[in-house]
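Worksheet: the structure to be examined is printed underneath.
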Amino acid sequence: MLTPVTTLKYHFRVSLQNQLQGFHHVKLPVSDVRESAGWYERVLGLAVAIEFVEDGVLRGVAMRDPGHTLLIALREEPHRAAALGGFDPLAIAVPTLEALRAWTARLDALGVPHTGIAEGSVGWLVGGLIDPDGVEIRLYTLEGRT
C-alpha cells in the first residue's frame with residue numbers, strides 16, 4: 001500500500017516526466033568573450049542573440065544557430081575556462097550521417113582541424129573541434145548505426 005508521501009512523490013514524478021523538453025541553453029566559461037564568440041560563429045555558424053554587459057563591459061553572450069534549435073551561452077570566467085581545457089563537455093546533435101559529412105566538408109573548407117568521422121556508441125561523431133580555451137566540442141548524429 002502506498003503511503004501519502006509515496007503517493008505524492010509518484011504523482012509528482014508522473015506529472016513532470018513529460019514536462020522536460022531538452023536543454024534551454026548550455027553555458028560555457030571562456031577567458032575572452034569576443035574571441036570565443038568569433039570562434040563559435042566561424043566554426044559552428046552561431047550568431048550572437050544576447051549580449052550580457054555589466055558596468056559597460058561585455059561579460060557574456062548567448063549564441064543561436066540559424067534554425068533556433070541550439071542556444072550556447074559563453075560567460076567570461078577565465079579560471080573556470082582554464083579548468084575545462086582538454087575536456088569535452090558538449091556534443092551537439094546533427095540529424096544524420098549525411099549531415100555530419102556536410103559538416104566535415106564545411107570544417108575542411110574553413111581549415112578547422114577535426115578527427116574525421118568515427119563510430120560512436122550509438123551513432124557517428126566528429127571530435128577534435130577545439131575552442132580558444134582548449135575545450136573540445138563534438139558533433140554527434142541523432143541517427144543511430146544499424
Side-chain angles (χ1 to χ4, degrees), residues 5 8-146:
V5 171
L8 179 61
K9 287 180 183 177
Y10 171 77
H11 287 294
F12 180 75
R13 191 171 54 244
V14 170
S15 67
L16 289 183
Q17 70 185 2
N18 294 324
Q19 299 297 319
L20 300 177
Q21 297 184 353
F23 291 99
H24 179 271
H25 71 277
V26 173
K27 186 188 302 184
L28 296 173
V30 299
S31 58
D32 183 310
V33 174
R34 291 186 194 287
E35 180 183 9
S36 292
W39 185 89
Y40 283 85
E41 179 179 10
R42 183 176 68 85
V43 174
L44 298 177
L46 304 182
V48 173
I50 305 169
E51 291 185 342
F52 300 98
V53 177
E54 298 170 9
D55 298 322
V57 178
L58 181 66
R59 297 290 183 200
V61 294
M63 303 186 76
R64 282 199 185 279
D65 66 311
H68 290 217
T69 62
L70 178 70
L71 185 63
I72 296 177
L74 306 175
R75 175 72 182 172
E76 184 179 293
E77 294 278 352
H79 296 294
R80 290 185 173 143
L84 261 181
F87 192 61
D88 60 335
L90 188 58
I92 299 173
V94 174
T96 63
L97 178 56
E98 181 180 334
L100 191 60
R101 287 185 181 120
W103 270 100
T104 60
R106 171 189 165 82
L107 296 169
D108 290 341
L110 291 171
V112 175
H114 59 84
T115 62
I117 296 174
E119 288 187 359
S121 55
V122 294
W124 295 270
L125 68 103
V126 169
L129 304 175
I130 309 299
D131 83 358
D133 289 297
V135 173
E136 181 181 1
I137 306 299
R138 295 181 175 193
L139 304 176
Y140 211 112
T141 62
L142 294 173
E143 174 185 35
R145 292 182 285 114
T146 54

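Since the structure is predicted, the reported quantities are computational estimates derived from the model, not experimental observations.
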- [ ] Please examine the side chains of W124 and L139, heavy atoms only from C-beta on, and report whether any two atoms are closer than 4.5 Å.
- [x] no

Out of curiosity, [X] [atom1] to [Y] [atom2], how far, rounded to the nearest 0.5 Å?
X: L90; Y: Y140; atom1: CG; atom2: OH; value: 14.0 Å
X: E41; Y: R34; atom1: CD; atom2: CZ; value: 12.5 Å
X: R75; Y: F52; atom1: CZ; atom2: CZ; value: 8.5 Å
X: H114; Y: D108; atom1: NE2; atom2: CG; value: 3.5 Å
X: F23; Y: L70; atom1: CZ; atom2: CG; value: 11.0 Å
X: L71; Y: L46; atom1: CG; atom2: CG; value: 9.0 Å

[X] [atom1]: over 12 foreign heavy atoms closer than 6.0 Å:
X: E54; atom1: CD; value: yes
X: R145; atom1: CZ; value: yes
X: R106; atom1: CZ; value: yes

- [ ] Check step by step if side chain to side chain contact (heavy atoms under 4.5 Å, CB included) holds for V94 and V126.
- [x] CA-CA 10 Å; V94 174; V126 169; over 6 Å; no

Least distance between heavy atoms, [X] atom then [Y] atom:
X: L58; Y: E76; value: O-OE1, 3.9 Å
X: A81; Y: P29; value: CB-O, 3.4 Å
X: L129; Y: P113; value: CD2-O, 3.8 Å
X: A37; Y: V61; value: CB-CG2, 4.1 Å
X: L84; Y: P89; value: CD2-CG, 4.4 Å

TODO: Give the intermediate values and the outcome of side chain to side chain contact (heavy atoms under 4.5 Å, CB included) for residues E35 and V30.
DONE: CA-CA 9 Å; E35 180 183 9; V30 299; over 6 Å; no

- [ ] For the pair I137 and I92, evaluate side chain to side chain contact (heavy atoms under 4.5 Å, CB included) and give the outcome as yes or no after the intermediate values.
- [x] CA-CA 8 Å; I137 306 299; I92 299 173; 3.8 Å; yes

- [ ] Answer yes or no: is there an ion pair linking E143 with R101, defined by an N-O contact shorter than 4.0 Å?
- [x] no

Open item on the list: Determine whether D131 and V43 satisfy the following criterion, side chain to side chain contact (heavy atoms under 4.5 Å, CB included), listing intermediate values before the conclusion.
Closed with: CA-CA 9 Å; D131 83 358; V43 174; over 6 Å; no

